[in-house]
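Beneath this line is the structure, given in structure tokens, with notes to follow.
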There are 2 protein chains.
Amino acid sequence: MAAKYDQIASKIRAMIRDGAPGYTPGSRLEGENKLAADYKVSVPTFRRAIEMLKNEGLIDTEHGRGTFVRAPRRPVERRNDRHQWEKDRARASEAERLKTGATEKDTGLTINDLVFHAEYEEIDAGADIAGVFGVPVGTRVLHRNYQTRHHDEDTPFNVSDSYLLVETVAGNPDLLDAEQEPWPGGTQNQLWTVGIEVDRVEETFTARPPTAEETERLGIRPGVAVLALRKVLIDTSDRVVEFSDVILPGDRTKMIYTTQLTRW
Amino acid sequence: MAAKYDQIASKIRAMIRDGAPGYTPGSRLEGENKLAADYKVSVPTFRRAIEMLKNEGLIDTEHGRGTFVRAPRRPVERRNDRHQWEKDRARASEAERLKTGATEKDTGLTINDLVFHAEYEEIDAGADIAGVFGVPVGTRVLHRNYQTRHHDEDTPFNVSDSYLLVETVAGNPDLLDAEQEPWPGGTQNQLWTVGIEVDRVEETFTARPPTAEETERLGIRPGVAVLALRKVLIDTSDRVVEFSDVILPGDRTKMIYTTQLTRW
DNA sequence: GAGTGGTCTAGACCACTGT
DNA sequence: CAGTGGTCTAGACCACTCC
């Protein structure tokens, strides 16, 4: 015999899935007092069912306003063939590079749908950062923070922190200036302006519960997982030239990775 | 002012992180009545703090026994260079293939540490399966279910469902027989025995909360995310020859994907 | 002010585990 | 059996939103 809260959660889940009247995306549920009475359970028990559905990302509660069926969020695909695509464009003319950016390609949206934000800062490398680059702790590093969101949504679907050795990019002062963002052609073009060719991209990631800070920044519920990804760019002489940490909302990100094998 | 349950959760979280006495992996916490009194809160409030920590995978409760600090689980790496490695071995001698299997390579464990289970079944393709292969619904398909676990853990760290067209493998009757498992050399060797060369591997995945069935099979808490991965093998004439769905426990899986770029 | 969800309490009863 | 966690209740009080 399943618990009452579990049964209620299942019923509501089914109604949302089937798009029952009053359970379509964006619609507001009746108050918890009313619904708890309808289901003949106490309010705390009913709330427990609601709690489950919140953690599944199906509904959202707003204090003082109500409980709402969540609109399925626009999924974002992330494909690893983007890296080759970006490399192919890195040496193209600026006009060519301006035509479409990597984000537009990923999401299928135009530049007008997107709101872009970048912050630059020079810091001393801590143990983690220094370890990735293989340099001494304290080496000067350029830290860049990026946020991208849709024009009509209030939370970013992409938050990333990128790190470069200041020494690497010193040859081109523009690379130290956040005002140049969004930079057409992306990081691989930036690296090309200082004579660096990227040989391969190494991405490592895990799924984990979001930290409190991440729930805020990405507008997700605690309990919905995030994909924490670290992307490392390695140049043709096997040096780490850039890496970035990206937090992706797990429930709206679809990763697509193709591994090409050599022929027999 | 943070909520009481949140403060308590933070305190316990910190004690586990610092390995405070009584908060080391595997140790049992005092009863909830005792601890609720210690923290000067009601039992339900204290339970709410426990609930948070369960969802973070830090502790586990067992009805009638107690609340336990969870041992960090053995992480499992999954690298995409495994595919090339497997391809290189696909045409090797059986003796060579027997030396190590793919799972042993991934986990760094020997065959003696692993318990392996396979079930075969011939089915008619439904819409999902037929869609991936690009064949009519109802085409005969070989469905293979695999489970792998460590000898000293009671839940598998890998559950996968693999699908092959019966027509594809009919040339080698051994491929229809579950008794031949574990098959040294894996799927790519099996395909080689019927004249198929794999050209590339396409993997798509998302992070999502586990279904009820998955929590049971993988021994994870509801609330801890899983990585749901679909791996598609495509042969040198661009046909889908096999695909498999794998559910990986998000909190113990580390994905490592390298994308090699062509040189300028 | 009326209505909403968020926090917290005190206690009942049940189901499971160990001895 | 005693002790544990799991479910459920009835109700108080608060914080927030909207009118």
Side-chain angles (χ1 to χ4, degrees), chain A residues 1-12 16 22-23 26-70 154 212 215-216 219-224, chain B residues 1-12 16 22-23 26-70 154 212 215-216 219-224:
Chain A
M1 181 56 182
K4 289 188 189 177
Y5 66 83
D6 206 358
Q7 296 177 43
I8 294 171
S10 295
K11 282 183 189 169
I12 298 178
I16 292 174
Y23 288 83
S27 56
R28 184 180 155 275
L29 271 58
E30 297 175 276
E32 53 186 16
N33 292 302
K34 170 75 168 57
L35 286 174
D38 286 354
Y39 285 109
K40 298 195 207 325
V41 295
S42 69
V43 171
T45 299
F46 177 76
R47 287 179 66 82
R48 198 158 166 189
I50 292 298
E51 192 69 26
M52 289 185 73
L53 299 172
K54 279 202 290 190
N55 284 342
E56 292 168 21
L58 286 176
I59 61 175
D60 240 339
T61 56
E62 292 178 49
H63 195 173
R65 299 212 326 123
T67 303
F68 300 86
V69 178
R70 207 164 172 186
D154 52 355
T215 58
E216 189 121 354
I220 53 179
R221 306 288 328 169
V224 178
Chain B
M1 181 56 181
K4 289 188 189 177
Y5 66 83
D6 206 0
Q7 296 178 44
I8 295 172
S10 295
K11 281 182 188 169
I12 298 178
I16 293 173
Y23 289 82
S27 56
R28 184 180 154 276
L29 271 57
E30 298 174 276
E32 53 186 16
N33 292 300
K34 169 78 167 55
L35 286 174
D38 286 355
Y39 285 110
K40 300 196 206 326
V41 295
S42 70
V43 171
T45 299
F46 178 75
R47 287 178 66 83
R48 197 157 168 191
I50 292 298
E51 193 69 25
M52 290 185 72
L53 300 171
K54 278 203 289 191
N55 284 342
E56 291 168 22
L58 285 175
I59 61 175
D60 238 337
T61 54
E62 291 178 49
H63 196 172
R65 299 215 324 124
T67 302
F68 302 86
V69 178
R70 206 162 177 190
D154 51 356
T215 58
E216 189 121 351
I220 53 179
R221 305 290 326 170
V224 177

Contacts of B:Asp6 that satisfy salt bridge (charged side-chain N to carboxylate O under 4.0 Å, His left out) - sequence neighbours left out = none
note = Distance col, row B:Lys4:NZ vs B:Arg48:CZ, nearest 0.5 angstrom, shows 13.0 Å
From D:dA10, C:dT9, C:dG6, nucleotide with atom closest to A:Ser42 side chain = D:dA10
request  = For A:Gly22 and A:Ser27, work out which heavy atoms get closest and say how close.
outcome  = O-OG, 3.1 Å
query = What distance separates A:Asp60 CG from A:Lys54 NZ, expressed to the nearest 0.5 Å?
reply = 8.5 Å
inquiry  = Quick check for you: to the nearest 0.5 Å, what is the distance between B:Phe46 atom CZ and B:Asp38 atom CG?
reply    = 8.5 Å
request  = Anything below 3.5 Å on both distances counts as a pair; with that, list the stems of at least three consecutive Watson-Crick or G-U pairs involving DNA chain D.
outcome  = C:1-17 with D:2-18
query = To the nearest angstrom, how far is A:Lys4 atom NZ from D:dT9 atom C1'?
reply = 9 Å
request  = Starting at CG of A:Asn33, measure out to OG of A:Ser42 and round the result to the nearest 0.5 Å.
outcome  = 11.0 Å
task = Drop me the distance from B:Ile16's CD1 to B:Lys11's NZ, to the nearest 0.5 angstrom.
result = 14.5 Å
query = For C:dG5, does either OP1 or OP2 sit under 4.0 Å from a side-chain N or O belonging to A:Arg47?
reply = no
note = Taken to the nearest whole Å, CD1/B:Ile59 to C1'/D:dG5 is 12 Å
task = Take the protein atom CZ of A:Phe68 and the nucleotide atom C1' of D:dC16, then report the distance between them rounded to whole Å.
result = 13 Å
Heavy-atom side-chain contact between A:Leu53 and A:Glu56 under 4.5 Å = yes
inquiry  = Just the rounded figure in Å: distance from C1' of D:dT4 to CG of B:Asn33.
reply    = 9 Å
task = Nearest-nucleotide wise, let me know which of A:Val43 and B:Arg28 is further upstream toward the 5' end of DNA chain D.
result = B:Arg28
Where do N or O atoms of nucleotides 11-17 of chain C meet protein N or O atoms at under 3.5 Å, pair by pair?
| from | atom 1 | to | atom 2 | distance (Å) |
| --- | --- | --- | --- | --- |
| C:dA15 | N3 | B:His63 | NE2 | 2.8 |

Minimum-distance nucleotide to B:Thr45 side chain [options: C:dT9, D:dT9, C:dG6] = C:dT9
key: First encountered from the 5' end of DNA chain C, between A:Glu30 and B:Ala2   = A:Glu30
query = Below 4.5 Å, heavy atoms only, C-beta onward: do B:Val69 and B:Leu29 meet side chain to side chain?
reply = yes
query = NA contact type, A:Val41, heavy-atom cut-off 4.0 Å: base, sugar-phosphate, or nothing?
reply = sugar-phosphate
task = Under 4.0 Å between any heavy atoms, over every strand shown, what does A:Arg48 touch: base, sugar-phosphate, or nothing? Just pick one.
result = sugar-phosphate
